[in-house]
Amino acid sequence: MTHFADLSPESLSAREWFFCGIGGSGMLPLALILRGMGARVAGSDRSRDQGRTPEKFAWLEALGFTLFPQDGSGIMSAGQVLVASAAVEDSVPEVVRANTLGCARMSRAELLSALFNAAPHSIAVGGTSGKSTVTGMIGWILTQAGTDPTIMNGAVMKNFVAADAPFASARVGSGDMFVSEVDESDGSIALYRPTIAVLNNVSLDHKSLEELRELFGNFLECASTAVINADDDESVALMARAMNVISFGLAQDAMISVTEGTITDGPTTITAELIDRRDDTTHPLRLQVPGRHNLSNALAAIAAASAAGVSVAEAVGHIASFAGLARRFDIVGTTASGITVIDDFGHNPEKIAATLATLRAHPGRIIAFFQPHGYGPLRQMGAELAEVIANGLGSQDLTILCDPVYFGGTVDRSVGSERIVRLIGIHGGQAEHIPARADCAERIIALAQTDDRIVIMGARDDTLSVFARDLFERLARR
């Protein structure tokens with residue numbers, strides 16, 4: 001980490017910043033927060049140079065961000081601070097130029113943790129899955145409760161979208177609460193010192209379970225209050241590391257839970273009677289986002305809001321108007337013939353399992369399209385992904401995989417999607433590998449029939465939403 005003498009928000013906002021990859025899901029909200037604090041922020045992005053999601057970059061320029069090609073031309077003085085992922089290679093022109101000039105450099109996580117840790121009160125949301133949704137839910141509850149929080153999210157929060165904020169993955173507030181999701185995949189969760197730590201779950205993703213247990217255990221130990229999922233065995237095993245625990249979940253001993261037999265799971269909503277076992281009060285809970293995984297997410301958010309001083313009754317009332325996140329079981333539309341297209345961020349075993357379980361709860365064939373989010377993750381979790389997909393779909397359902405997303409670099413590309421298709425077949429599922437995404441669309445359109453649900457899954461590629469919308473429009477015209 002670059003060591004500044006002063007890492008206060010005032011000092012950070014006074015500096016001049018350059019974001020390499022400013023349009024990324026982790027970079028964009030942080031850039032918005034810094035600029036909202038009054039800092040001068042410029043950036044570059046390979047996606048902009050390649051002509052992908054031009055509307056996002058046009059919006060950033062309209063907000064006053066200065067954007068450059070990713071050729072090093074935006075790094076002009078030693079006084080600039082380069083913000084770049086730790087994974088950005090030294091050969092990237094911005095890094096070369098910054099090293100030549102002697103610019104300071106911070107990773108996204110280093111900068112975020114500096115801002116986060118400086119807040120008087122903070123809520124960090126960790127776990128393998130559900131971080132963005134729980135962060136959005138907490139942020140919405142606290143905003144509606146009048147606390148005016150700053151929110152850092154990895155996804156667009158629909159409640160905050162407006163004509164002048166179409167990519168609202170951050171909110172800059174004037175209150176003393178900072179709410180953020182925190183990432184364990186690169187170990188950077190160790191940088192955060194939250195007042196309240198939320199642990200959704202612990203399962204295989206980018207690191208081994210042994211590494212995850214250590215990271216999440218230390219995370220809980222840092223907080224004054226830990227909000228922990230009582231339905232997840234790995235999370236429960238870490239409760240002893242926490243100072244003060246509020247548990248949530250469907251388990252009979254969870255503090256924030258639901259009354260047995262009260263869950264009604266619909267195609268676009270879910271309802272239940274919430275019970276706060278700390279005082280045995282009950283509250284009617286209604287969510288605009290479907291699926292039992294979102295019920296669990298809501299219990300986590302309500303528990304965290306309770307720890308932050310919002311009453312459970314008030315939190316339940318506010319979460320009823322939570323509209324969800326972009327690309328989290330985001331229903332693009334339903335055609336006149338009853339074909340529904342859904343845009344979803346599912347990319348690891350737990351996220352995909354939750355999405356498929358929500359789909360399987362209702363009738364209709366499922367066509368699941370999956371674009372793996374990289375060759376490395378595919379090697380790390382490919383076997384688990386294949387098993388989850390095979391077990392999560394029925395005999396009439398089909399999975400179609402294109403090649404993993406690849407925007408350049410030196411990653412080993414020798415093992416790809418064809419391995420996953422083979423493993424899905426071994427587990428009894430039906431899957432096809434069609435290398436080009438455009439050809440996958442042609443195959444889906446040829447297959448689609450009345451009452452099908454088509455889910456578009458994948459991460460690290462904003463154009464998946466464009467792909468989903470285009471697919472729906474073609475089906476609607478058919």
Side-chain angles (χ1 to χ4, degrees), residues 127-130 133-134 136-138 140-141 198-203 226-237 239 245-307 310-325 328-329 331 340 342 344 346 350-364 366 388 391-394 451 453 455:
T128 313
S129 300
T133 298
V134 174
M137 287 176 165
I138 295 169
W140 181 242
I141 291 169
V198 180
L199 181 56
N200 291 337
N201 38 58
V202 180
S203 62
V227 176
I228 299 176
N229 187 353
D231 297 331
D232 180 63
D233 290 342
E234 289 286 346
S235 299
V236 170
M239 281 188 182
V245 173
I246 300 177
S247 60
F248 70 90
L250 305 184
Q252 291 297 308
D253 58 347
M255 296 177 187
I256 303 296
S257 187
V258 299
T259 306
E260 188 175 355
T262 64
I263 300 172
T264 301
D265 195 356
T268 58
T269 61
I270 188 166
T271 62
E273 181 182 76
L274 181 145
I275 180 169
D276 183 349
R277 292 198 172 100
R278 296 171 299 176
D279 60 9
D280 288 326
T281 56
T282 59
H283 312 268
L285 176 63
R286 178 181 177 83
L287 304 177
Q288 295 183 38
V289 286
R292 293 195 175 217
H293 63 293
N294 276 322
L295 179 60
S296 179
N297 290 336
L299 296 177
I302 291 165
S306 170
V310 179
S311 73
V312 169
E314 186 177 2
V316 167
H318 293 321
I319 206 169
S321 56
F322 176 72
L325 306 180
R328 269 57 173 186
F329 209 87
I331 298 173
T340 299
I342 298 155
D344 190 76
E350 189 153 339
K351 288 182 172 71
I352 288 176
T355 296
L356 297 182
T358 302
L359 288 166
R360 284 289 300 278
H362 308 285
I366 300 166
V388 161
N391 293 338
L393 293 174
D451 295 332
R453 278 86 49 72
V455 60

Novice: For Asp276, enumerate each residue passing the side-chain hydrogen bond (donor to acceptor under 3.5 Å, both in side chains) test, keeping only those at least two apart in sequence or located in another chain.
Specialist: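 Expected list: Arg278.
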Novice: Sequence neighbours excluded and cut-off under 3.5 Å, please list the side-chain donor-acceptor pairs for residues 258-268, or say none.
Specialist:
{"residue": "Thr259", "atom": "OG1", "partner": "Glu273", "partner atom": "OE1", "Å": "2.6"}
{"residue": "Thr262", "atom": "OG1", "partner": "Thr259", "partner atom": "O", "Å": "2.7"}
{"residue": "Thr262", "atom": "OG1", "partner": "Glu273", "partner atom": "N", "Å": "3.0"}

Novice: Could you work out, with side-chain hydrogen bond (donor to acceptor under 3.5 Å, both in side chains) as the rule, every residue matching Arg328, not counting sequence neighbours?
Specialist: Ser132
Novice: Report yes if some heavy atom in the side chain of Leu285 is under 4.5 Å from a heavy atom in the side chain of Leu295; otherwise report no.
Specialist: yes
Novice: Start with the C-alpha distance between Thr358 and Thr355, add both sets of side-chain angles, then the distance that settles side chain to side chain contact (heavy atoms under 4.5 Å, CB included), and finish with yes or no.
Specialist: CA-CA 5 Å; Thr358 302; Thr355 296; 5.9 Å; no
Novice: Please enumerate all residues that pass salt bridge (Lys or Arg N to Asp or Glu O under 4.0 Å) together with Arg277, with sequence neighbours excluded.
Specialist: none
Novice: Does the side chain of Leu274 come within less than 4.5 Å of Val312's, by heavy atoms?
Specialist: yes
Novice: Looking only at heavy atoms, what is the nearest atom pair of His293 and Ala354, with distance?
Specialist: CG-CB, 3.6 Å
Novice: Taking only residues two or more places apart in sequence or in another chain, which ones pass side-chain hydrogen bond (donor to acceptor under 3.5 Å, both in side chains) with Asn200?
Specialist: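 None.
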Novice: Let me confirm one number: the CZ-CG distance from Arg292 to Asp231, rounded to the nearest 0.5 Å.
Specialist: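 Those atoms lie 11.0 Å apart.
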Novice: With sequence neighbours left out, what residues match Glu314 under salt bridge (Lys or Arg N to Asp or Glu O under 4.0 Å)?
Specialist: none
Novice: Can you confirm whether Phe322 sits close enough to Ile141 that some side-chain heavy atom of one is under 4.5 Å from a side-chain heavy atom of the other?
Specialist: no
Novice: Quick one: does Pro290's side chain get under 4.5 Å of Ile270's, heavy atoms only?
Specialist: no
Novice: To the nearest 0.5 Å, what is the distance between CG on Asn229 and CG on Asn201?
Specialist: 6.5 Å
Novice: For Ala298, enumerate each residue passing the side chain to side chain contact (heavy atoms under 4.5 Å, CB included) test, keeping only those at least two apart in sequence or located in another chain.
Specialist: Met137, Leu287, Ile319
Novice: For Ser296, give me all partners under side-chain hydrogen bond (donor to acceptor under 3.5 Å, both in side chains), at least two apart in sequence or on another chain.
Specialist: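 So Ser296 forms no side-chain hydrogen bond (donor to acceptor under 3.5 Å, both in side chains) with any residue.
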Novice: Quick one: closest heavy-atom pair of Ala303 and Ile256, and the distance?
Specialist: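 That would be CB-CG1, 3.9 Å.
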Novice: So Leu199 and Asp232, do their side chains get closer than 4.5 Å, heavy atoms only?
Specialist: no
Novice: Is there side-chain contact between Phe329 and Val289, with heavy atoms separated by less than 4.5 Å?
Specialist: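 Phe329 does not reach Val289 side chain to side chain.
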Novice: Taking all non-hydrogen atoms of both residues, which atom of Ser247 and which atom of Ala254 are closest, and how far apart?
Specialist: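 Reported closest heavy-atom pair: OG-CA, 3.5 Å.
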Novice: Would you say the side-chain atoms of Glu350 and Ser203 include a donor-acceptor pair closer than 3.5 Å?
Specialist: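 Ser203 and Glu350 do have a side-chain donor-acceptor pair below 3.5 Å.
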Novice: Is it true that, when you exclude Asp280 itself, more than 12 heavy atoms of the residues, nucleotides or ligands shown sit nearer than 6.0 Å to its CG?
Specialist: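 It does: Asp280 CG has more than 12 such atoms within range.
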Novice: Sequence neighbours left out, what passes side chain to side chain contact (heavy atoms under 4.5 Å, CB included) with Ala313? Give chain and number order.
Specialist: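 Ala313: side chain to side chain contact (heavy atoms under 4.5 Å, CB included) contacts with His283, Ser311.
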Novice: Identify, with sequence neighbours excluded, every residue that meets side chain to side chain contact (heavy atoms under 4.5 Å, CB included) alongside Ala353.
Specialist: Val388
Novice: Would you say the side-chain atoms of Arg453 pair up with the backbone N or O of Ile342, donor to acceptor, closer than 3.5 Å?
Specialist: no
